[in-house]
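Below, each value reflects all heavy atoms present in this structure, side chains not excepted, and no hydrogens, waters or symmetry copies. As the structure is a prediction and not an experimental result, all values here were calculated from the model. Whatever order the structure lists them in is the order used to number ligands and atoms, beginning at 1.
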Amino acid sequence: MFMTPASEFESPLHRTALAQLDAIAERLNLESGIHERLRYPRRALTVSIPVLMDDGRTEVFIGYRVHHDTVLGPSKGGLRYDPSVDLGEVTALAMLMTWKCALMGLPYGGAKGGVRCAPHRLSLREREGVTRRYTAEIMPLIGPDLDIPAPDLGTDEQTMAWMMDTYSMTQGRSVPGVVTGKPLIIGGSHGRREATGRGIVSVLHQAAHHLGHELRGKRVVIQGFGNVGSVVARLLWNDGCMIVGVGDINGGIWNDQGFDVLKLQAHVKESGSVVDLPGAEPISSADLIEQACGVLVPAAVGSQIHEGNADRVKAAVIIEGANGPTTAEADAILHERGVQVIPDVLANAGGVVVSYFEWVQGLQHHFWRETEVTSRLQEIMTRAVDRVWATAEREKVTLRAAALMEGIGRVAEAHRVRGLYP
Ligand code: NAD
């Protein structure tokens with residue numbers, strides 16, 4: 001039995017990530033030396049980020065960048081701006097990235113970054129200040145062959161453009177490969193913005209095929225209507241699903257007949273939120289998750305399905321758009337109740353797959369058409385679902401356990417052949 005890693009990493013998400021690793025390590029019969037190494041991040045940096053605010057004050061934000069494991073290659077992982085960010089959460093998310101990249105066969109380790117802030121309360125100029133100073137502070141840890149950040153919760157293409165510019169200015173040349181999820185004009189990839197949502201929909205189609213279901217006509221509930229949730233809504237609506245409930249940080253809305261997603265998107269663009277859409281009924285975020293539906297897509301923040309509500313979740317299938325939306329306790333309850341959970345490491349991996357395409361295109365200075373990106377993404381996602389499904393059936397385990405067995409197994413194998421330095 002191992003000690004729990006030092007208390008500085010303590011957070012609910014980190015506890016869940018460790019519990020998952022420990023269970024899979026036992027199942028895979030991992031050597032204790034490799035298991036113990038994987039429980040700790042390789043390196044973790046905490047920085048303070050002083051920013052001159054619009055009202056003349058200087059405010060100091062706290063930021064982190066964590067490399068969990070780099071045995072398979074440079075580390076890769078998003079940057080999130082959220083009030084809940086702490087070292088434990090970022091460390092857990094970095095660990096998830098390690099398993100995700102390995103599961104998808106990408107030549108990357110796992111990383112994650114975060115700044116504790118409420119991005120929607122910051123002006124554009126203040127957000128730029130946070131981003132540039134954060135980038136300057138984590139400079140020793142990032143680079144095209146070292147660690148490559150991408151957008152995540154509360155960050156977007158503009159954030160990546162500021163990061164790329166800040167890094168490039170210190171190098172005296174443009175270094176597009178230092179981030180992915182950049183705007184097209186400075187070396188971004190076609191299809192990166194939609195990649196995570198598109199990947200989720202590919203996974204869902206393939207899962208429906210395995211389950212013998214028809215997706216068309218399914219009632220869908222989506223928590224989170226940002227980059228991931230809004231793309232999933234539009235694509236599933238195009239595929240004939242009914243999007244009956246959606247929510248964001250301000251609350252939720254419901255329409256038993258299904259929303260016109262184009263009208264919903266226009267409303268969000270204009271007002272900044274899904275709430276108060278004309279003709280929609282209001283619903284609380286908590287109630288939204290518990291509504292009966294064919295597919296529930298948590299696509300906001302972590303730990304939304306927990307011990308306290310898992311027995312009231314009435315979805316037939318949950319596909320995890322967000323990272324870590326289901327706690328370990330909730331996972332066990334859902335499994336017992338026969339709810340099919342398609343885990344984050346598989347479901348939302350489309351983002352990092354197209355980030356990999358962007359990185360490769362940048363290194364080769366050769367850019368692909370959108371149809372090329374989309375078809376390669378679909379192929380990779382579909383094959384991953386088939387592999388995970390086969391493992392789950394062969395080993396008689398959940399899809400999450402099967403996905404983690406493959407991801408963790410590959411990382412462990414690489415550690416085995418590389419050995420322990422010095
Ligand atoms: P985003 O910032 O574009 O959108 C987040 C959405 O969630 C917004 O609608 C916001 O209002 C809502 N939200 C935030 N806090 C909430 C709360 N407490 N309750 C309810 N709703 C809340 O972020 P995104 O890029 O869409 O990411 C969403 C999730 O998907 C995150 O967990 C992220 O880690 C995960 N993810 C994103 C990507 C990517 O490529 N962007 C890739 C993989 C996983």
Will you find, in the side chains of [X] and [Y], an N or O donor that is under 3.5 Å from an N or O acceptor?
X: Thr166; Y: Thr135; value: no
X: Thr326; Y: Glu320; value: yes
X: Tyr64; Y: Arg116; value: yes
X: Asp69; Y: Thr98; value: no
X: Arg42; Y: His67; value: no
X: Thr196; Y: Asn348; value: no
X: Asp239; Y: Trp237; value: no
X: Ser84; Y: Glu89; value: yes

Mark the output for [X] as yes if a heavy-atom distance to ligand 1 is under 4.0 Å, and as no if none is.
X: His120; value: no
X: Gly154; value: yes
X: Ala299; value: yes

Just need the protein heavy atom nearest to [atom], so name the residue and atom and give the distance.
atom: atom 9 (O) of ligand 1; value: Phe225 N, 2.9 Å
atom: atom 4 (O) of ligand 1; value: Gly226 CA, 3.2 Å
atom: atom 30 (O) of ligand 1; value: Gly321 O, 3.4 Å
atom: atom 23 (O) of ligand 1; value: Leu153 CA, 3.5 Å
atom: atom 19 (N) of ligand 1; value: Gln223 NE2, 4.1 Å

query: Under a 4.0 Å heavy-atom limit, does Arg192 contact ligand 1 with its side chain, its backbone, both, or neither?
result: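 For Arg192, the contact with ligand 1 is made by the side chain alone.
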query: Heavy-atom contacts under 4.0 Å between Asn323 and ligand 1: side chain, backbone, both, or neither?
result: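 It is both backbone and side chain that touch ligand 1.
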Please list, in number order, the atoms of ligand 1 under 4.0 Å from a heavy atom of [X].
X: Thr196; value: 38 (C), 39 (C), 40 (O), 42 (C), 43 (C)
X: Ala322; value: 29 (C), 30 (O), 32 (O), 35 (C)
X: Asp152; value: 25 (O), 33 (C), 34 (O), 36 (N), 37 (C)
X: Asp248; value: 9 (O), 11 (O), 20 (C), 21 (N), 22 (C)
X: Val301; value: 15 (N), 17 (C), 18 (N)

message: The criterion is side-chain contact (heavy atoms from CB on, under 4.5 Å); which residues satisfy it with Glu395, sequence neighbours excluded?
response: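 Arg27, Thr391, Val397, Met405.
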- prompt: N/O of Asn227 under 3.5 Å from N/O of ligand 1, yes or no?
  reply: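 Yes; at least one N/O pair falls below 3.5 Å.
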query: What do you reckon, does Gln304 have a nitrogen or oxygen under 3.5 Å from a nitrogen or oxygen of ligand 1?
result: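 By distance alone, the answer is no.
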Determine, considering heavy atoms only, which of [options] sits nearest to [atom].
atom: atom 7 (O) of ligand 1; options: Ala300, Pro151, Gly252, Ala349; value: Ala300
atom: atom 14 (C) of ligand 1; options: Val274, Ile249, Val354; value: Ile249
atom: atom 37 (C) of ligand 1; options: Val228, Val352, Asn348; value: Val228

task: Over all heavy atoms of both residues, which pair between Ala384 and Leu346 is shortest? Give the atoms and the distance, please.
output: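 Here Ala384 and Leu346 meet closest at CB-CD1, 3.7 Å.
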query: Just by modelled atom types, is the Val90 backbone N or O under 3.5 Å from a matching donor or acceptor in the His14 side chain?
result: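 Answer holds: no.
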All side-chain hydrogen bond (donor to acceptor under 3.5 Å, both in side chains) counterparts of Asn227, not counting sequence neighbours: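 Expected list: none.
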